[in-house]
There are 2 protein chains.
Amino acid sequence: MAIGIKISLNEKLFLRDPQETALGQKIIKHSILLLDEIGFEAFNFKKLAKRMESTEASVYRYFENKHLLLIYLVSWYWEWVSYLIDYNTMNIEDPKRRLKIIIETFVYASKENPAIEYVNESVLHRLIIAEGSKAYHTKAVDKENTEGFFINYLKLSQKVSDEILEIKPDFPYPHALASNLFEMANNHIYFAQHLPKLTDVTVSDENYDEVEQMIEYFAFSLLECRRDK
Amino acid sequence: MAIGIKISLNEKLFLRDPQETALGQKIIKHSILLLDEIGFEAFNFKKLAKRMESTEASVYRYFENKHLLLIYLVSWYWEWVSYLIDYNTMNIEDPKRRLKIIIETFVYASKENPAIEYVNESVLHRLIIAEGSKAYHTKAVDKENTEGFFINYLKLSQKVSDEILEIKPDFPYPHALASNLFEMANNHIYFAQHLPKLTDVTVSDENYDEVEQMIEYFAFSLLECRRDK
DNA sequence: AATCTTTGATAGTATTGCTATTATAAGAAA
DNA sequence: TTTCTTATAATAGCAATACTATCAAAGATT
């Protein structure tokens, strides 16, 4: 049961707020499960409606189309990771320790936190890994960015960037490193599972420790590095 | 006119080899232009046929569907980048210099090399930046990987990985760094253009120098780093 | 009791993603 | 030259997709 967590998202992403009604919550729940199962391309509102025992027209009353639903879920995820970072780094003073926790959070987005009953965070994480980047790789990206559709990702990136500067105030690429850590975490879990020659780590089951170690290695090499010459 | 360059691609990607016929070459040429113009989601074979003044049925004789056409174009790009790397690093002994050239090639995939008349490499590069990762983010990735659909990416990654080990033989993550350099190059050009808060570099027109500098900074920090503690 | 809102049920339309058929043109083989 | 082969064009058609519209039933609110 979610106590005190309200995921706040851009209202332009939906026609009716799905968090507010039972049907809306069912849409969120089953769209995550079905998208994870069959992938974004094969997914449509008719199949979703059938799966959740409702009708296509009802789903269309909440979301304009599946692309906006995906952005909604991805935003939900970004906001959720933000929340987890705040929660997990609370009262931790050492900025390096804080960054390690951030990396752990990127890699294990959900570990032991069943916060909101209609979202299965670990399935959502798998979905983001596989489909997340499709949310902003479209022709409408500029228009949608203007309308704030990606604000949760930008805020997450900014938060991590701030932490990076705590560790090394003169680091020249804090935003790039922040987004790269996030993308790398997702990419290399995916690569390890599907295109293992593109990475050097292996994952088994839900154990992503090697990914976590690698991202730490990359991050701290960049931040604690004195260059030879 | 292409002299001595033959881009060799997995034959399972197409029904009839498009490089072999005039119509096939028209398909390659116009699919790159149209995909760049309207994006992968809005693209279909009917629009392509209209644009190139042929018919839908004719296009279907070359490619099963637009997904396989995308993999074909992406593979073409990966192979082209491989070729450019070989060409540009020929006779360069210093491995660090070689890696710099690789990074430059990733960022400026086409600069002054109009090699094959029916492929506009700079438009293709823009297309890969925007749509490339959709080639392997699908439910069929495992099956398609088994059939060798991504072999050109794996080979490219292996090539760069070998160069990384020339510089630092005990670097623990050469494949991951290789794929990350490639993905970073594409991502941060895209971010600079569309989601600038996710990066720290700016690009103007066709000038990606800041991206190149940043990727170099990341790569050589990792490879020439002695950690403080 | 009246009415307002949400959902379900059903229908319908334009577009998409193909497949099939036939005709024609162009080139190679006889 | 004739014939054979093959590629392409032209057209049709079909099942699925991506919606939109309408209306009725069921709660919930006043």
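None of these values were measured; they are calculated from a predicted model. Quick note on labels: first sequence line is chain A, next is B, and so on, each numbered from 1.
At a cut-off of 3.5 Å, with distance as the only test, a side-chain donor of Gln158(B) or Asp162(B) sits close to an acceptor on the other residue. Between the side chains of Tyr108(B) and Asp209(B), a donor-acceptor pair is found at a separation under 3.5 Å. Glu210(B) and Thr202(B) form a side-chain donor-acceptor contact under 3.5 Å, judged by distance and modelled atom types alone. Looking at Asn88(A) and Tyr83(A), their side chains never bring a donor and an acceptor atom within 3.5 Å of each other.
Spacing between atom CD of Gln25(A) and atom C1' of dT6(C) amounts to 15 Å, rounded to whole angstrom units. dT7(C) atom C1' lies 17 Å from atom CD of Glu20(A), rounded to whole Å. Nucleotide dA7(D) holds its P atom 14 Å from the CZ atom of Phe14(B), rounded to whole Å. Between His67(A) atom NE2 and dA18(D) atom P the separation is 14 Å, expressed in whole Å.
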Query raised in the report: How would nucleotides 8-20 of chain C be written as a contact map, 5' to 3', with B for base contact, S for sugar-phosphate-only contact and - for no contact, using protein heavy atoms under 4.0 Å?
Result: B-------SBBBB

Report task. Could you encode protein contacts along nucleotides 24-30 of chain D as a string, one character per nucleotide from 5' to 3', using B for base contact, S for sugar-phosphate-only contact and - for no contact, with a heavy-atom cut-off of under 4.0 Å? Result -> -------

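Aromatic ring orientation, Phe182(B) versus Tyr77(B): tilted (interplanar angle from 30° to 60°).
Between Tyr190(A) and His137(B), the distance separating the two ring centers is shorter than 6.0 angstrom.
In this structure Phe150(A) satisfies the ring pair (Phe, Tyr, Trp, His ring centres under 6.0 Å) test with no other residue, sequence neighbours excluded.
Judged by the 6.0 Å distance and 45° axis criteria, Lys66(A) is not positioned over the aromatic ring of Phe43(A).
Remark: Tyr62(A) is in phosphate contact with dT7(C), judged by side-chain N or O atoms under 4.0 Å from OP1 or OP2.
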